[in-house]
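Worksheet: one structure, shown below.
Note that the structure is predicted; figures quoted are calculated from it, not measured. These values consider heavy atoms only, across backbone and side chains, with no hydrogens, waters or symmetry-generated copies.
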Amino acid sequence: MVVRSWRHIKERYCLIGTRCKTCGRIFFPSRNICPYCRRRGELEDYKLSGRGKVYSYSVVHVPPKELEMIAPYVIAIVELEEGPRITTQIDCKPEEVYIGMPVEVVFRRIKEDGEEGIIHYGYKFKPVENQ
Amino acid sequence: MVVRSWRHIKERYCLIGTRCKTCGRIFFPSRNICPYCRRRGELEDYKLSGRGKVYSYSVVHVPPKELEMIAPYVIAIVELEEGPRITTQIDCKPEEVYIGMPVEVVFRRIKEDGEEGIIHYGYKFKPVENQ
Amino acid sequence: MRDVVIIGYGQTKFGELWESSFRDIIVEAGVKAIEDANIDGKDLDAIYVGNMSGGLFIGQEHISSLIADYAGLTPLPCTRVEAACASGSLALRSAYLSVASGHHEVVLVGGVEKMTDVVDATSAIATAADQEWEAFFGATFPSLYAMMARRYMYQYGLTLEELSMWSVIAHDHGYRNPYAQFRFRTTLEQVMKAPPVAEPLTLMHCSPVSDGAAALIVCDAERAKEFVPKEEMIYIRASTQASDTISLHSRESITTLKAAKVASEKAYKMAGITPDKIDVAEVHDCFAINGLILLEDLGFCKKGEAGKVVAQEKIRIECEDFVTVNPSGGLKAAGHALGATGIRQVGEIYWQLKGDKNCKDRQAVIKHGYGITANVGGSGGTVCIHVLSNNRNR
Amino acid sequence: MRDVVIIGYGQTKFGELWESSFRDIIVEAGVKAIEDANIDGKDLDAIYVGNMSGGLFIGQEHISSLIADYAGLTPLPCTRVEAACASGSLALRSAYLSVASGHHEVVLVGGVEKMTDVVDATSAIATAADQEWEAFFGATFPSLYAMMARRYMYQYGLTLEELSMWSVIAHDHGYRNPYAQFRFRTTLEQVMKAPPVAEPLTLMHCSPVSDGAAALIVCDAERAKEFVPKEEMIYIRASTQASDTISLHSRESITTLKAAKVASEKAYKMAGITPDKIDVAEVHDCFAINGLILLEDLGFCKKGEAGKVVAQEKIRIECEDFVTVNPSGGLKAAGHALGATGIRQVGEIYWQLKGDKNCKDRQAVIKHGYGITANVGGSGGTVCIHVLSNNRNR
Ligand SMILES: [Zn+2]
Ligand SMILES: [Zn+2]
């Protein structure tokens, strides 16, 4: 199924989220409302460093159709050093990943859309070298 | 999108509907309940003759993707001589069709499913010759 | 049941909102409604949302959770309701019943559709019809209404000119609506000579593909006093709904919407009025023929006479001896963001009965203080009716 | 609000129902419920239906009209409600509020899903999660729950053996349920050595893909006397719902379902009871870890203790000093036809509290007369709770 995705380029390619100036919280992906401050909130773009640690993970053996060729792959929730958590693949072997593993962002091809052949790019994370 | 369709072979290939023995009404496609008799209804398979008249029609100029190559085509509601009405293409030129036109069933390829290449067959209707 | 009132409304512009996502537009409408009602997010007890097909238009089901999340309103209960193009008003009806029951007091009701993000909208829209016995054989949505129009012409002698006048008036009305998708006027000739979509319907008899969102705040009438003065509350006097066969071909008649007759008769009874008390109506003209048929089914004129009524331009805002129909421009000119439409219709009537500044360029004459909306799902498989009142003549 | 009771229930078998269509199964369940309640179709005022994704599983939206049509029940109002896997109980909640309000008296509530007609069910199911920020990156539905499990193990020391015991007991219960999809027993070793789906979860920690339908008749308690004796009515004592962020990663904690805590606390308050009064529970074990987490969030044991409770087999039908959990076999063994599940859970509790012959081989001990259901949408973005009572101890 083909749904327009150019709208997310800023977030998916540059890891830009939102910061609420009122309470200081940082959100990823972007929000139009701070759920804590609501009307009192004031939001601005915020570039994330792309460094964090694995908060939890799984190894996917039954993938959706368009990811069949890369399975099994590691999916994880990464806690970024600025606070927000995101869902991402980890570019490592299944047996390497663990909770607390330091990781950093890389940009990769995520998948190809079967019907129209559109290639989607976005972030993955990889283990930080020389730890 | 690929949804199993073998379940409709009986109806789409042989024009078999349902008759309620209690009230005599004939339904197409098949029903499990007679909406008029409900618990008192008793339903049986009923083979339709495939003859009828055009009850209303339209010529489609903006088709779904998988029918782009045959547009413009004639779509119609046909009233079968046994009573039920059905939606079908009429295998004739757009300028030929009119309300009341006598038609009869033919079996044709309806469409091909893009992604999986499955060919779907079913009924169309054509003008009765030698009227 | 308790009295339920509307105390706030907000909407996005309808149209091709390329810059905005699904999340953006529903949040925009919701925030506007909350601000209009002078309430705070904390006052809300629940959210209801009408949406036809997040699954097929944006690959996303479970939009209730998404919306509560991005509106910053978790853990409020949020419920999505669907009945094709009637999804919006069914969400309102669910919200209405939840307040009337005493279970909730203040509820946000939204409607939203993001239709321009997918490639093949025609196929997605067709899932409102019978997929196996209509769409499979090549019936598109416009072609179903085209067959209603063709049969109606055959039975009642309706002319293409009469039918086309509906669109001319719709655009004249929509021209005055800043939120409308199309803000241009048109002529009979332009309507009739537009590219054919499904004969006899041209592009100018059809509502467009639209992105859009709309939201209302409904509230227990007692509690509402906390937020707005009494004269700014609009009462929901009836909320009714009826169903019909999903396939057009299975109905006894295809020149009437039986569900509209059943639901509107119940609605008039529930509100305790007759059709002649209605000052202003928003009816579901996804295709011009449906507008005409609804004038008859809602009891504004006799069967077969709608063509004449429209040709005589009685439905215009300026005409004082007939109900004003679709002052917003209707689905034809204001746009048709499927799940949002039912909410937008009620929002327009809310503005009209209040005499809100948002409709100052298109204000209908309000004599009796009643308005009605008719929201249709599919080719008439669902119809939902709301009767509103400004309560000034009670 | 008026008292609302359940007076009838019916369901299809859950499983791969290749011979039956969507229309067939929902009609079968509806007819059974109507017959069980001893009512006639004419007595009904409305229909509500829970369904997650007709659009993606069978290419059909507007299933409300389809169902009213094929059940022979037009022009009854019919409303579809959706919140992913919680769709069924949200439909019940809507029906409950419509009766409690006084607007309707007798309502049919159905839940249905036909999942085995499409090729790529995994992608369709993933639309219950955040499509743009979870599924896009390759998170499947099992993998979200797998990440909950992994984190839970890390924080609370849960072992794979303890987690796997959930599935062993589920199958022991489901073995006695003639409507269950899987009617075989299993062992700890078989569960742990089954093919991995999303580590640490194996196939035997996951509920299956199922076709199925279930339907209830809900009724005003006064009116119900017309149809069934008082001792056969089961009262709906609470119907609550809460939302959470659609993405798992956006939540403060991923080892609790906040929406389940919020909704169940409200439910106990609404019913006027504490968790220790619950005799029997049906909880949403789409994946075994969710069953454990819900035991804690519903207040049956403390945070981090569910693994021990399960390992000690306290949740079994035979164990009298703890709540009986999922006597039906739960989603794991009874099957998980998404939109139908919430109705099936309530149906099981209805049977259990009545002491119905349909659960004679798996009857829980009923001391206080209360049962509870917890139905979860997505990874916890929606939770809907119902508390039922047989009213014999009031
Ligand atoms: Zn803030
Ligand atoms: Zn009969």
Side-chain angles (χ1 to χ4, degrees), chain B residues 1-46 63-67 77 83-87 110-122, chain D residues 12 16-44 47 53-61 63 65-76 78 108 113-121 123-124 127 211 213 215:
Chain B
M1 177 174 184
V2 185
V3 173
R4 282 183 195 146
S5 62
W6 57 266
R7 217 177 275 122
H8 298 302
I9 287 174
K10 195 178 69 171
E11 290 145 303
R12 283 190 186 153
Y13 288 57
C14 309
L15 224 62
I16 289 176
T18 312
R19 182 177 171 273
C20 175
K21 290 192 206 174
T22 309
C23 68
R25 284 186 179 86
I26 296 162
F27 303 103
F28 185 90
S30 304
R31 286 182 175 264
N32 297 336
I33 293 179
C34 170
Y36 299 90
C37 306
R38 300 190 54 81
R39 248 179 267 189
R40 288 169 294 103
E42 203 187 328
L43 298 174
E44 61 180 2
D45 276 3
Y46 190 87
K65 225 175 158 190
E66 70 270 21
L67 292 176
I77 294 177
R85 296 186 198 131
I86 67 178
T87 297
I110 304 288
K111 61 184 171 188
E112 195 171 324
D113 219 307
E115 212 171 332
E116 308 281 318
I118 296 167
I119 297 171
H120 297 278
Y121 294 88
Chain D
T12 65
E16 290 201 26
L17 309 178
W18 285 47
E19 293 297 322
S20 306
S21 71
F22 180 94
R23 295 166 208 224
D24 294 337
I25 59 177
I26 183 66
V27 167
E28 179 187 335
V31 166
K32 282 181 174 171
I34 287 171
E35 289 178 357
D36 185 44
N38 194 32
I39 64 169
D40 191 88
K42 286 196 193 76
D43 296 314
L44 289 168
I47 310 168
S53 192
L56 295 171
F57 288 120
I58 60 163
Q60 180 74 61
E61 303 286 2
I63 59 146
S65 166
L66 183 79
I67 288 168
D69 183 1
Y70 278 77
L73 291 172
T74 62
L76 279 190
C78 184
L108 173 66
E113 209 79 50
K114 190 80 178 79
M115 298 174 71
T116 66
D117 279 9
V118 284
V119 174
D120 189 13
S123 294
T127 63
D211 303 326

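The shortest non-hydrogen separation linking P35(B) to G72(D) is CB-CA, 3.6 Å. Contact detail for Y70(D) and S30(B): the closest heavy-atom pair is CE2-O, 3.7 Å.
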Might you work through the side chain to side chain contact (heavy atoms under 4.5 Å, CB included) test for L73(D) and R38(B), ending with a clear yes or no?
-> CA-CA 9 Å; L73(D) 291 172; R38(B) 300 190 54 81; 3.3 Å; yes
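Options V27(D), D69(D), I34(D), T74(D) differ in how many heavy-atom pairs under 4.5 Å they form with chain B, and the most are formed by D69(D).
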